[in-house]
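The analysis underlying the following values was restricted to heavy atoms, covering all of them including side chains, and did not include hydrogens, waters or symmetry mates. Atoms within a ligand are numbered from 1 in the order they appear, just like the ligands themselves. The shown structure was predicted, so the numbers you read here are calculated from the model rather than taken from an experiment.
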Amino acid sequence: MQVEQTALPGVLVLTPRRFGDHRGFFSESWNKRVLAEAAGIEPEFVQDNHSLSREGGTVRGLHFQSPPHAQGKLVRCGRGRLYDVAVDARKGSPTFGQWVGAELSFENGRQLWVPAGFLHGFATREPDTEIVYKCTDYYVPECDGAVRWDSPSIGIDWGVAGTPVLSEKDAAAPDFADFDSPFTWEGGQ
Ligand SMILES: Cc1cn([C@H]2C[C@H](O)[C@@H](COP(=O)(O)OP(=O)(O)O[C@H]3O[C@H](C)C(=O)[C@H](O)[C@H]3O)O2)c(=O)[nH]c1=O
């Protein structure tokens, strides 16, 4: 598995190996031991998520779950193409409020590791794009939160022309500047 650091320490781009043959390909999309040995992370996943976005130019995010149910996410694109984004929301972090993005697609097989303490969102680049991701905690609606996708104080370049397709929740989310993050940087990475 190829491991790439990003500008946000702790956020990784992972590319599992693909074994191609005349039928297509095989890939271990997640292997606990390989993740520990190659990337030095040992998340305990408890829930897999899968969503389909019918239109290109759909944005889902920026989302998080607050402690004690903060979620780390291992994200990949099952069909189509998307731009996946992580934002450091940990108070006191040297990279607080900074973001990174990576294009994930069925074709490139790339994944993004988004640790707990980071906001997560994505923009679809094609119709009928499917995202699948493993989470380190269960869905707890009372802890589910959102920040505006286009918060000027973050300044994410989503690569989306005009207003994206949004849920009502995302359209009404507060700006990052007005967001009292529940996350605190614990030093180290
Ligand atoms: C997240 C989640 C949602 N739901 C239910 C709640 C709603 O009735 C319905 C749609 O939920 P929502 O509109 O929050 O779905 P997304 O906009 O795709 O939200 C997700 O998108 C961003 C990119 C994320 O990283 C999060 O996992 C998550 O916030 O699924 C569940 O039953 N379990 C869950 O884990």
Both conditions, 6.0 Å and 45 degrees, for the charged tip of R90 above the ring of F183: are they met here?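 Verdict for F183: no cation-pi partner in R90.
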Is the positively charged end of R81 above the ring of F122, judged by distance under 6.0 angstrom from the centroid and angle within 45° of the axis?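 No.
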Say whether [X] and [Y], considering side chains only, have a donor N or O and an acceptor N or O under 3.5 Å apart.
X    : Y    : result
S53  : R60  : yes
H69  : D144 : no
S153 : D175 : yes

For ligand 1 and R60, I'd like to know whether there is a polar contact (N/O to N/O, distance under 3.5 Å).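 Yes, there is a polar N/O contact under 3.5 Å.
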Please determine if S51 has a nitrogen or oxygen closer than 3.5 Å to a nitrogen or oxygen of ligand 1.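 No, there is no polar N/O contact under 3.5 Å.
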Could you identify the single nearest non-hydrogen protein atom to [atom] and state the distance to 0.1 Å?
atom                    : answer
atom 13 (O) of ligand 1 : K169 NZ, 4.4 Å
atom 28 (C) of ligand 1 : H63 ND1, 3.5 Å
atom 6 (C) of ligand 1  : Y139 OH, 3.5 Å

Heavy atom of protein closer than 4.0 angstrom to [atom]:
atom                    : value
atom 34 (C) of ligand 1 : yes
atom 8 (O) of ligand 1  : no
atom 16 (P) of ligand 1 : yes
atom 11 (O) of ligand 1 : no

Under the 3.5 angstrom rule, does the side chain of D137 hit a backbone N or O of Q71 as a donor-acceptor pair?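 Answer holds: no.
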Of all the atoms in ligand 1, which lie at a distance below 4.0 Å from a heavy atom belonging to H120?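 Answer, ordered by atom number: 23 (C), 24 (C), 25 (O).
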Those atoms of ligand 1 less than 4.0 Å from some heavy atom in F122: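 Every atom of ligand 1 under 4.0 Å from some heavy atom of F122: 23 (C).
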K169, NZ: over 12 other non-hydrogen atoms inside 6.0 angstrom: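 Atom NZ in K169 is crowded, with more than 12 foreign heavy atoms closer than 6.0 Å.
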Contact with ligand 1 for Q47, non-hydrogen, under 4.0 angstrom: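 Within the 4.0 Å threshold, so yes.
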Within the structure, is a non-hydrogen atom of Y133 found at a distance of less than 4.0 Å from ligand 1?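 Within the 4.0 Å threshold, so yes.
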Taking I156 as the starting point, is it possible to reach V147 by hopping between hydrophobic residues whose side chains are less than 4.5 Å apart?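 Hydrophobic grouping puts V147 with I156.
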What orientation do W113 and F45 show, parallel under 30°, tilted 30 to 60°, or perpendicular over 60°?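 Because their plane-to-plane angle is over 60°, the rings of W113 and F45 count as perpendicular.
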Does ligand 1 have a heavy atom under 4.0 Å from the side chain of Q71, from its backbone, from both, or from neither?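 Answer for Q71: neither.
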